[in-house]
Amino acid sequence: MEYRTLGKTELNISRLGFGGIPIQRIDAEGTKVLMHQLKDAGINFIDSARGYTVSEEYLGYALEGIRDSFILATKSMARTKEAMAADIEKSLANFRTDYIELYQVHNPNMEQLDVVTGEGGALEALMEAKEAGKIGHIGITLHSADVFEKAIELDWVETVMFPYNIVEVQGEELIRKCQEKNIGFIDMKPMAGGAIDDKTLAMKFVLANDAVTTVIPGMADPEELVENLAAAQEMEGKGKDYEFSAEEAAAIAAVREKLGNAFCRRCGYCSPCSVGINIASVFTFAGYLERYDLADWAKDRYFAMPKNAGDCTQCGKCEPRCPYGLPIREMMKTVAEEFNK
């Protein structure tokens, strides 16, 4: 296993990490088996989130006896000091540990980032937890390139997590800037949320970028682990020196052609919706429904939104704002049919 230093944190982490969202579709015992397999493979970086229902809890159970072999990261949607402090304590309890190496602010928009960093904001709780030795480092996870650009100028940001894959390259220059600023870059959604069928090609594409510190595909069974390990081992020590074959280059182009005109990158430029639909979230939950085998999880969150695809009035105001020219109105119709609302 290849290891890299995670930017300013100086943590030595495996180039192939583990994304904890699919843990929700297995059980605690299955998670335990998987964690021991990760340990044997040399994977030492695990990412979860307060919002991933049972993920932290299952991981806490599964890591008993082998906790010291892993670097734990998790994240919270809390924006205020009080809410973040409560989430940190909950994460510690779930993980059955007294220390979490990396705690991240989970996907704030520009306005929420101001709340996080303002008086009484979540950053105060994170700083206090760091001072108390409950967490080691502070990072941020994002879906917006604009917020990404702002985040890397904030002195407290030690790591950034952002989607980067064959079809989502909008953050490529910012990923390079992370490397220049010694900010650790954690790549999420290397398979584009399961949209890319050739998982090995998807992994190799990401690992060919030396500015990516670690990549965290979601894994829930040993077959996924074996496949991702093979790709990581093939790319070990190569990075930007890897030359994609003509067949691989053609396959990358084909993936982009297939998904490029019908794939939401969650940049948020389409907002605001005239009737208040969170367009990016609608398409995110649809992706989990279609590709992640997390139907119940996706439906719970989809139907919890104040407005969903069925509320679309087909006004079309969102479409000119989309930098990728997505047919949002037609996509909304499709999602409404899939969720029956």
Side-chain angles (χ1 to χ4, degrees), residues 1-7 9-49 52 55-75 91 94-97 99-104 136-137 139 141 159 161 163-165 184-191 194 199-239:
M1 178 58 63
E2 184 177 2
Y3 297 86
R4 296 284 182 91
T5 301
L6 185 62
T9 72
E10 297 187 355
L11 295 168
N12 192 37
I13 68 170
S14 50
R15 192 93 198 278
L16 174 62
F18 175 82
I21 193 168
I23 287 298
Q24 298 168 98
R25 69 173 187 249
I26 57 176
D27 57 18
E29 292 300 329
T31 304
K32 186 173 185 178
V33 170
L34 191 57
M35 291 305 103
H36 281 265
Q37 291 170 332
L38 292 183
K39 178 180 178 294
D40 292 343
I43 295 172
N44 73 348
F45 184 74
I46 295 173
D47 177 77
S48 185
Y52 297 168
S55 178
E56 287 183 342
E57 186 178 351
Y58 283 3
L59 286 166
Y61 167 77
L63 294 174
E64 286 199 322
I66 57 172
R67 166 67 181 92
D68 292 344
S69 297
F70 293 93
I71 292 166
L72 281 181
T74 195
K75 45 195 177 288
S91 293
N94 283 343
F95 283 134
R96 307 186 186 191
T97 188
Y99 179 75
I100 295 169
E101 283 84 353
L102 176 64
Y103 214 97
Q104 302 154 105
H137 305 279
T141 79
T159 65
M161 182 186 296
Y164 173 66
N165 53 61
F185 181 75
I186 303 163
D187 179 47
M188 62 170 156
K189 303 195 185 303
M191 322 297 186
K199 312 305 183 190
T200 298
L201 181 67
M203 287 293 294
K204 289 169 70 174
F205 175 85
V206 173
L207 292 169
N209 188 336
D210 280 331
V212 174
T213 313
T214 187
V215 55
I216 54 166
M219 293 180 273
D221 63 59
E223 289 183 7
E224 292 171 332
L225 173 59
V226 169
E227 188 173 17
N228 290 327
L229 273 172
Q233 289 165 353
E234 185 176 347
M235 296 299 291
E236 188 172 342
K238 296 177 182 177

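For the residue pair Ser14 and Met1, the shortest heavy atom distance occurs at CB-CG, 3.7 Å. Of all non-hydrogen atoms in Leu229 and Ala41, the two that sit nearest each other are CD1-CB, 3.6 Å. Minimum interatomic distance between Ile26 and Tyr58 (heavy atoms only, all atoms of both residues): O-CE2, 3.4 Å. Nearest heavy-atom pair across Pro217 and Gly17 is CD-O, 3.7 Å. In this structure, Lys75 and Thr141 approach most closely via the heavy-atom pair CD-CG2, 3.4 Å. Taking all atoms of both residues into account, the shortest heavy-atom contact from Asn228 to Met191 is OD1-CE, 3.4 Å.
Between the side chains of Tyr164 and Asn209, at least one donor-acceptor pair of N or O atoms lies under 3.5 Å. Side-chain N/O atoms of Thr159 and Gln104 include no donor and acceptor closer than 3.5 Å. Defined by atom type and a distance below 3.5 Å, a donor-acceptor pair is present between the side-chain atoms of Ser91 and Glu56. Under 3.5 Å, the side chains of Tyr61 and Thr31 contain no donor-acceptor pair of N or O atoms.
Using a 4.0 Å cut-off between a side-chain N of Lys or Arg and a carboxylate O of Asp or Glu, Arg4 and Asp210 qualify as a salt bridge. Remark: Arg67 engages Glu101 in a salt bridge, criterion side-chain N to carboxylate O under 4.0 Å. For Glu224 and Arg25, the salt-bridge test passes: some basic side-chain N is under 4.0 Å from an acidic carboxylate O.
The shortest distance between side-chain heavy atoms of Asn12 and Ile71 does not fall below 4.5 Å. Annotation: side chain of Leu11 is not in contact with side chain of Thr5 (no heavy-atom distance under 4.5 Å). Ser48 has its side chain within reach of Phe95: a pair of non-hydrogen atoms, C-beta onward, lies under 4.5 Å apart. Inter-residue side-chain proximity for Phe18 and Asp47 is flagged as unmet; no heavy-atom pair is nearer than 4.5 Å.
With hydrogens and angles ignored, the 3.5 Å screen pairs no side-chain donor or acceptor of Asp187 with any backbone N or O of Val212. Between the side chain of Lys32 and the backbone N or O of Ala28, no donor-acceptor pair lies under 3.5 Å. Ser55 contributes no side-chain N or O that, together with a main-chain N or O of Tyr52, makes up a donor-acceptor pair within less than 3.5 Å. Checking side-chain atoms of Arg15 against main-chain N and O of Gly237 turns up no donor-acceptor pair under 3.5 Å.
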Derivation of the side chain to side chain contact (heavy atoms under 4.5 Å, CB included) call for Thr213 and Ile186: CA-CA 6 Å; Thr213 313; Ile186 303 163; 5.8 Å; no
Please report the C-alpha distance between Leu16 and Met203 in whole Å, then the side-chain angles of each, then the deciding distance to 0.1 Å, and finally whether the side chain to side chain contact (heavy atoms under 4.5 Å, CB included) criterion is met. CA-CA 9 Å; Leu16 174 62; Met203 287 293 294; 3.5 Å; yes
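Taking a 6.0 Å sphere around NZ of Lys39, one finds it holds 12 or fewer heavy atoms contributed by other residues, nucleotides or ligands. Within a 6.0 Å radius of CD in Glu64, more than 12 heavy atoms belonging to other residues, nucleotides or ligands are found.
The salt bridge (charged side-chain N to carboxylate O under 4.0 Å, His left out) search around Glu227 returns none, not counting sequence neighbours.
Here the OH atom belonging to Tyr3 is positioned 5.5 Å from the CG atom belonging to Asn44, to the nearest 0.5 angstrom. Separating the CG atom in Leu34 from the CE atom in Met219 is a distance of 7.0 Å, to the nearest 0.5 Å. In this structure, the separation between OG1 on Thr97 and CZ on Phe70 is 13.0 Å, given to the nearest 0.5 Å. To the nearest 0.5 angstrom, Thr74 atom OG1 is 8.5 Å from Asn94 atom CG. Taken to the nearest 0.5 Å, the CE atom of Met188 stands 13.5 Å off from the OG1 atom of Thr214. Annotation: the span from Met35 atom CE to Ile46 atom CD1 amounts to 5.0 Å, rounded to 0.5 Å.
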